[in-house]
Novice: 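I am attaching a structure below and will ask some questions about it afterwards.
Letters A, B, ... are given to chains in the order of the sequence lines, protein chains preceding strands, and every chain is numbered from 1. Quick note: numbers below take in every heavy atom, side chains included, and nothing from hydrogens, waters or symmetry partners.
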Amino acid sequence: MANALPTVGQRFTNGLFSENPTFRQILGICPTLAVTYSVASALTMAGAVTFVLVCSAILISQIRHLLKPHLRILVFTLTIAVFVTIADRLVAAFLYDMSKQLGPYIPLIIVNCIIIARCEICFSKQGLVPAIGDALGQAGGHTLGLLAIASTREILGKGTWGGMSVLGDSWPAWGVLAAAPGAFLTLGLLLALVNHLTDKQAKPMWPFGALFNLLGRKRQVAPVREK
Amino acid sequence: MKKYIADAWLVIVLGLAFGAALAGVQMGLGPVIYQNKLNEALSRIPALVPHAVQPDLMKVSPDQVMLREAGSTIYYARDEKGRQVGWVIQAAGQGFADRIEVLIGVSEDVSLITGLYVLDHKESPGYGDRIATPEYQDPFNKGKVVGGELRRLRTDQPLKVTPEKTDSLHEVKALTGATISSESVAAIVNDAMAKVKPALRARAAAGQPVSGGN
């Protein structure tokens with residue numbers, strides 16, 4: 001018997017937590033590393049990805065019965081490219097300075113694996129409502145990932161959050177975190193933290209561990225070696 | 001043939017629909033984006049031409065701040081008293097990844113390059129995008145020290161891109177790992193100079209003083 005597809009609620013919460021694109025699927029890492037030097041740029045990127053995910057979910061879920069198996073990837077790519085181009089033009093028109101800061105990273109959403117993966121896994125298999133739930137869940141998870149990394153980098157690297165001073169002038173800004181290597185360091189450390197918090201064998205040392213447990217986790221834990 | 005159409009009709013229909021949608025978006029947002037770029041170009045004039053000030057579009061019309069010659073947009077660079085001190089040429093060409101759009105500041109007689117600014121590009125992050133940094137732009141913006149004297153790049157010969165720093169006022173150093181992007185910008189500058197210099201001189205010869213407006 002075929003497995004039942006997840007409901008809209010499951011799709012949404014999975015995207016936020018147990019299938020989080022940044023910390024669980026490790027997808028969309030190129031923009032995650034490149035644009036998280038500030039919270040503002042991370043939120044702009046997250047907004048653009050959300051727009052493309054939701055629009056792709058609406059369109060692909062509505063034409064899913066018309067898709068030919070051997071042409072589906074072409075249709076996915078075509079659809080994503082159009083919505084990314086629209087997002088790029090919108091940012092250039094209404095957030096011009098941010099468009100200059102983000103440079104090629106908005107157009108590069110076309111090759112962001114999160115979106116094409118959701119087209120393949122959910123949008124082309126489920127109806128409108130579960131597809132939108134999935135898109136919002138994945139977009140929310142992606143936003144949480146970007147926001148966590150950008151907040152860590154901006155607060156520790158510049159002493160600010162969203163451009164507002166939070167640590168004061170006495171904070172010796174850790175410039176390395178705001179620079180390119182800081183993206184790798186922060187992502188690695190946050191990944192380790194999330195893995196620790198969601199590890200079944202580790203005692204939950206933080207309320208977040210219990211939260212992840214509550215919302216369901218799919219991580220396989222290696223068997224304990226016998227002595 | 002029927003088989004191919006039966007297979008691909010959805011792609012064809014989507015392609016047509018998407019093309020129309022993008023055309024609509026461009027029609028709607030194109031003027032807004034153009035205005036954003038115009039504002040940015042005008043704001044860069046003081047940095048590209050020494051002693052120039054930023055024109056105020058609230059006080060003057062776009063015709064009074066720029067002209068079109070040889071297919072290029074050229075901005076007047078004037079000082080506080082309204083005297084012509086140079087020009088800012090908007091030029092574009094193919095880069096490594098996509099189209100590169102630049103602003104080139106030149107002296108009033110178009111003999112010296114006084115500044116360069118990359119208005120738009122999609123060059124590779126970490127490599128080609130360094131065309132927008134001082135590492136590449138310093139010779140354009142600050143000039144070169146030749147014989148202990150700071151001198152501007154000249155436009156009487158086409159610019160060349162070299163692997164090492166030189167004293168020549170017709171050469172700029174290539175970016176390591178981004179030679180094509182470096183050469184693309186130099187080619188855009190050379191192309192703009194080749195087109196615009198004769199046009200501005202012809203304007204002057206036809207009785208329209210180079211230092212005047214429209």
Novice: In the structure I gave you, are the side-chain heavy atoms of V65(B) and L57(B) within less than 4.5 Å of one another anywhere?
Specialist: yes
Novice: Heavy atoms only: give me the nearest G105(B)-V49(B) pair and the separation to one decimal.
Specialist: CA-CG2, 4.1 Å
Novice: Any heavy-atom pair between the side chains of M193(B) and V110(B) that's under 4.5 Å?
Specialist: yes
Novice: Below 3.5 angstrom, are there any donor-acceptor pairs between chain A and chain B, and if so, which atoms and how far apart?
Specialist:
{"unit_1": "H70(A)", "atom_1": "NE2", "unit_2": "D7(B)", "atom_2": "OD2", "d": "3.3"}
{"unit_1": "A92(A)", "atom_1": "O", "unit_2": "N36(B)", "atom_2": "ND2", "d": "2.9"}
{"unit_1": "A93(A)", "atom_1": "O", "unit_2": "N36(B)", "atom_2": "ND2", "d": "3.0"}
{"unit_1": "Y96(A)", "atom_1": "OH", "unit_2": "E40(B)", "atom_2": "OE1", "d": "2.5"}
{"unit_1": "K100(A)", "atom_1": "NZ", "unit_2": "E40(B)", "atom_2": "OE2", "d": "3.2"}
{"unit_1": "K100(A)", "atom_1": "NZ", "unit_2": "L119(B)", "atom_2": "O", "d": "2.2"}

Novice: Grab the two heavy atoms, one from G93(B) and one from I188(B), that are nearest each other, plus how far apart they are.
Specialist: N-CD1, 3.5 Å
Novice: I'd like to check R11(A) versus L5(A) (side-chain heavy atoms, cut-off strictly below 4.5 Å). Are they in contact?
Specialist: yes
Novice: What part of A17(B) gets within 4.5 angstrom of chain A, counting heavy atoms only: side chain, backbone, both, or neither?
Specialist: neither
Novice: With a 4.5 angstrom heavy-atom cut-off, which part of L90(A) approaches chain B: side chain, backbone, both or neither?
Specialist: both
Novice: Using only non-hydrogen atoms and a strict under-4.5 angstrom cutoff, which residues of residues 162-191 of chain A touch chain B?
Specialist: none
Novice: Given side chains that start at C-beta, do those of V88(B) and L42(B) come closer than 4.5 Å, heavy atoms only?
Specialist: no
Novice: Ignoring hydrogens, what is the shortest heavy-atom contact between A42(A) and A150(A)? Give both atom names and the distance.
Specialist: CB-CB, 3.6 Å
Novice: So for L78(A), is it side chain, backbone, both, or neither that comes closer than 4.5 Å to the heavy atoms of chain B?
Specialist: both
Novice: For a quick test of reading the model, state the closest non-hydrogen atom pair linking I100(B) to G95(B) and the distance between them.
Specialist: CD1-CA, 3.5 Å
Novice: Do I74(B) and V196(B) have side-chain heavy atoms sitting under 4.5 Å apart?
Specialist: yes
Novice: Is the shortest heavy-atom distance from the side chain of T160(A) to the side chain of I155(A) under 4.5 Å?
Specialist: no
Novice: With only heavy atoms counted, which part of V13(B) is less than 4.5 Å from chain A, the side chain, the backbone, both or neither?
Specialist: neither
Novice: Under 4.5 Å heavy-atom distance to chain A, tell me which part of V11(B) shows up: side chain, backbone, both or neither.
Specialist: both
Novice: For the residue pair P50(B) and V85(B), what are the closest heavy atoms and their distance?
Specialist: O-CG2, 4.0 Å
Novice: At their closest point, which heavy atom of A93(A) faces which heavy atom of L29(B), and how far apart are they?
Specialist: CB-CD2, 4.0 Å
Novice: Quick one: of L59(A), I63(A), L66(A), L67(A), who has the most non-hydrogen atom pairs under 4.5 Å with chain B?
Specialist: L66(A)
Novice: Tell me, do V39(A) and S151(A) make a side-chain contact under 4.5 Å, heavy atoms counted?
Specialist: yes
Novice: So which residue, A81(A), P104(A), P107(A), ends up with the most heavy-atom pairs under 4.5 Å with chain B?
Specialist: P104(A)
